[in-house]
Amino acid sequence: MARIDDRYNAGETEAKWQRIWDERGCFAADDPKGRPKYYVLEMFPYPSGRIHMGHVRNYTLGDVVARYKRAKGFAVLHPMGWDAFGLPAENAAIERGIHPATWTRDNIAAMRGQLKSMGLSYDWRREFATCDPGYYRHEQKMFLDFLKAGLVYRKESWVNWDPVENTVLANEQVIDGCGWRSGAPVEKRLLSQWFLKITAYGEELLTGLAGLERWPERVRAMQENWIGRSEGLRLSWRLQGRTDRLEIFTTRPDTLFGAAFCAISPNHPLAAELAAGNGELAAFIAECNRMGTSEAVVEAAEKKGWDTGLSAIHPLDPDRTVPVYVANFVLMEYGTGAVFGCPAHDQRDLDFARKYRLPVVPVVLPPGGDPAGFAIGDVAYTETGTLFNSAFLDGMSVEDAKKAAIQRIEADGNGQRTVNYRLRDWGVSRQRYWGCPIPVIHCPDCGVVPVPDADLPVKLPEDVTFDRPGNPLDHHPHWSRTTCPTCGAEARRETDTFDTFFESSWYFARFCSPDREDVAVDRAQADAWLPVDQYVGGIEHAVLHLLYSRFFTRALADCGIVGIREPFDGLLTQGMVCHETYKSEGGGWLYPDEVTTGADGALETKTGRPAIVGRSEKMSKSKRNVVDPAHIIATYGADTARLFMLSDSPPERDLDWTEAGIDGAWRYVNRLWRMVAVPNLPLPPLGTPMPALGAEAEEVRRLIHRTIAAVGEDIERFHFNKAVARIRELTNALGELKGGADSAWVLREGLETAVLLAAPMMPHLAEEMWQALGHDTLVSETAWPEAQPALLVEDTVTVAVQVNGKLRATVSLPKDADAATAERIALAQPQVGAAMSGKPPRKVIVVPNRIVNVVV
RNA sequence: GCGGGCGUGGCGGAAUGGUAGACGCAGCGGACUUAAAAUCCGUUUCCGUAUGGAGUGGGGGUUCGAGUCCCCCCGUCCGCACCA
């Protein structure tokens, strides 16, 4: 029968320490007061109802950092809250008749309980939900501040309309022409929308990326790509027989003499004007819009154009004209919605020219090319070269020709050098109920009037119904009816709400002073804590949330609300949690716990029939390859789950959840516990002075201190898997300790060290072991151990001996032995002599304490 | 097409240009047990009985020495994409 104390009772133990931490307020973040501060933040969750493994991974990573930094003496701010506005709450209301507020509150309560069971070191006093009026009132104020600062405007614009969700989507929420959530093909609609001028910060958001040294390269690359800066020329072409001009943007002004046509977007005002008197063109435009967003893949196939009959006069040669087309490949949203086409040096233009039999005149000659013989076939020449067929540009390089062409166009007053961005302003209006009301009033006489500060917050009404499609705020009998704050006339409230990315764009700042009712951010607190030193979250937010937050922070800074311009100093993007997928013979997905894996392969437990094992993919409800964290924590405890999240894969890589992996973690938790419950040597009492150490004890003691140094470094660099490996190495060595009082003393030192090093990862177990070792303090309040430098230095080192680069022997040498000694001992090795087969050494390379390489 | 990441045992993964495979998982052998579980010990890159040889996606290069640096190629994953 097992001894009563050699099996670790995770459930009871974890609850006990969670209660004690809570009572002692161990994780309350108070004013740093001179101590170095450290703000670690994990992306707060949407309260969907239950935590999933992605949360467990995310929050474990953050918690390790928080606990480690706390032990290192930092004043740590580690808060948690709820990103509580969003569509699922409304869907629940529609599908199950539960009010979004109720649904959200219940979910938060359930998830808070689950997070608490993980033993995360949050300062729960700072918790908030973004659907609280106490939170969103401040973002209404921010919006009005931005309005005053000229960072907000309203315009009619083409929007992406999701016909299933009855709402507008941001460009980023449209994936392959379909709504990111509904998957329905997106339609184009013209609506009046509020926009935030994120483009005003385009340049700064781009250049700022260079300073984000502790961000993953790929996230910076994705943002750079998204901002899409390109330098070029904006120039206008006169149109024959018209007084207006056609404004185009190009990055290749050097190829102007190769121009064969101009093309405008189907949504260009000129196209609309021409279509008014031309049914055929109108039909063509309608066709383009239908294709538009929905068939991004299919439409890559064909370039189509419609000849307007207009001629544009070449800006560098008034004797030349080119035809003007309406073309389906020209985007109104980019540049000026019009381009000139140079078929010889742009593949798309070439395809178009071939189709409509337009001339293809090469103007850039490849290096070493023959000007007389160079012709373009089916492939445009897009590389660099020397200009020809180009009047005053002839003989120049592409780079020089660009400059010269721009100079000439500018001198002629036909255009100017310009920088264009792919980034577009952020449309924030959503025709949805469960979001933050946009605080403006529409007055028939005064137009759009901001809600006065004194009337904030504009609260969401609770009494709404979800029995019709569309926005419940529109259907509310009287909520939108109000009076104009300026003239007192009857007026109407804006019924749109903010994009929910609004809330997550500043929550990190709110955590600094969550209780301040009068202001969004207590400036002194914000100055003390911001920026976030380490942000941890999923790669899926690489562009949207992170770019909006960077923009918002700058806008808030320019409104004097915060004193920083970059919100997140360091960013760790964790990989996904994956699991094998299973299908029954019938083809339906199976949950992992419906499958038994044995000698005969995978079987469906219920029927005994073979189950088809698919590849490991991101855990998702639709594929049923999910493991419920609550179940895991109830079975093995939070520490085991946390350990598994950390031990196998580096954080930024995908992690495969396996039964064997969680079992392995569970075994180690028990093994650690047994090491103090039933130690392999009788431990001396706490505080026993160090006896004289024998060789074995001394060697293990060195390992203890090497481990301290290594684990600290590993955690600093987020190499948690390596930190776990080193702690295991240490405990392996401790478990093998034999001998007398000296070994027992070292065993105690080793166990105490292992406890402290493992505490950020397995905090409950660490407390329990610490107590079992006789301490009446908390690990959570104990400083990180310090490695004694003297013990990090070895007096003998193992040096590899190579002959011609191949390992032939290893020799033990005194540390820092001189080269001559090393060489002498190395050459004396029999294996070395054999490998040299009698030849004299031509050269001997000695790298002290590392290697001796004999070249023969 | 553009940009980025990755490629190391059966598997997850370690290796400041200096002993490739730490640590774990799985496997195999053994101990304990009536038996099983748990635990413990040993073993485990490949070829070879062995001295030994080969080996980090492929090819070349730099170097006394390359998984690591440089060039070319292949595969794979992710992001963006009629962006003018």
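Throughout, a chain's letter reflects where its sequence line sits, starting with A, and its residues are numbered from 1.
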Query raised in the report: How far does the C1' atom of B:rC11 sit from the matching atom of B:rC82, given to the nearest Å?
Result: 44 Å
Query raised in the report: Sequence neighbours excluded, which residues qualify as salt bridge (charged side-chain N to carboxylate O under 4.0 Å, His left out) partners of A:R348?
Result: A:D346
Query - Non-neighbouring partners of A:R850 that pass side-chain contact (heavy atoms from CB on, under 4.5 Å), sequence neighbours left out - result: A:V847
Requested in this report: Remember a base hit wins even if backbone is also touched, and classify A:V854 as base, sugar-phosphate or nothing at under 4.0 Å, heavy atoms.
Outcome: nothing
Anything under 3.5 Å between a donor and an acceptor, one on a side chain of residues 798-806 of chain A, the other on a protein residue two or more places apart or in another chain? List them.
| residue | atom | partner | partner atom | Å |
| --- | --- | --- | --- | --- |
| A:N804 | OD1 | A:V856 | N | 3.1 |

**Report entry** Same-atom distance (P) from B:rC69 to B:rC78, integer angstrom
**Finding:** 25 Å
**Report entry** Whole-angstrom distance between B:rG13 and B:rG57, as gauged at atom P
**Finding:** 14 Å
Query raised in the report: Is RNA chain B part of any stem, that is, at least 3 consecutive Watson-Crick or G-U pairs with both distances under 3.5 Å, and where?
Result: B:1-7 with B:74-80, B:10-12 with B:23-25, B:27-31 with B:39-43, B:45-47 with B:52-54, B:57-61 with B:69-73
Report summary line: Walking RNA chain B from its 5' end, the first of A:E736 and A:E333 to be reached, judged by nearest nucleotide, is A:E736
Report task. Grab the CD1-C1' distance between A:I539 and B:rG79 for me, whole Å please. Result -> 9 Å
Report task. May I ask you to decide if the ring planes of A:Y356 and A:Y325 are parallel, tilted or perpendicular, using 30° and 60° as cut-offs? Result -> tilted
**Report entry** Ring geometry between A:H545 and A:H541 (parallel below 30°, tilted from 30 to 60°, perpendicular above 60°)
**Finding:** perpendicular
Query raised in the report: For the residue pair A:P760 and A:L757, what are the closest heavy atoms and their distance?
Result: CD-O, 3.3 Å
Query raised in the report: Is the shortest side-chain N to carboxylate O distance from A:R229 to A:E224 below 4.0 Å?
Result: no
Query raised in the report: Does B:rG9 sit syn or anti, given that only angles within 90° of 0 count as syn?
Result: syn
Query - Distance between P atoms of B:rA22 and B:rG42 (Å, rounded) - result: 15 Å
**Report entry** Nearest-angstrom distance, P atom, B:rA66 to B:rG59
**Finding:** 15 Å
Query raised in the report: A:G735 or A:F329: which one's nearest nucleotide on RNA chain B is closer to the 5' end?
Result: A:G735
Query - Whole-Å distance separating the CZ atom of A:R348 from the C1' atom of B:rA84 - result: 5 Å
**Report entry** C1'-based separation of B:rC83 from B:rG18 [nearest Å]
**Finding:** 49 Å
Report task. Kindly say whether the aromatic ring centers of A:F644 and A:W666 come within a distance under 6.0 Å. Result -> no
Report task. Assign a letter to each nucleotide of nucleotides 10-25 of chain B from its 5' end: B, base within under 4.0 Å of a protein heavy atom; S, sugar-phosphate only; -, no contact. Result -> --SSSSB-BB--BSSS
**Report entry** B:rG67 versus B:rA20 - spacing of their C1' atoms, nearest Å
**Finding:** 8 Å
Report task. May I ask you to evaluate whether A:R808 reaches the phosphate of B:rG53, defined as a side-chain N or O under 4.0 Å from OP1 or OP2? Result -> yes
Query raised in the report: Does A:R218 make a side-chain N or O approach to OP1 or OP2 of B:rC77 shorter than 4.0 Å?
Result: no
Query raised in the report: Any side-chain N or O of A:K806 less than 4.0 Å from the OP1 or OP2 oxygen of B:rA54?
Result: yes
Query raised in the report: Given the C1' atoms of B:rG27 and B:rG52, what is the spacing between them in whole Å?
Result: 27 Å
Report task. For A:F261, check ring pair (Phe, Tyr, Trp, His ring centres under 6.0 Å) against everything at least two apart and list the hits. Result -> A:F352
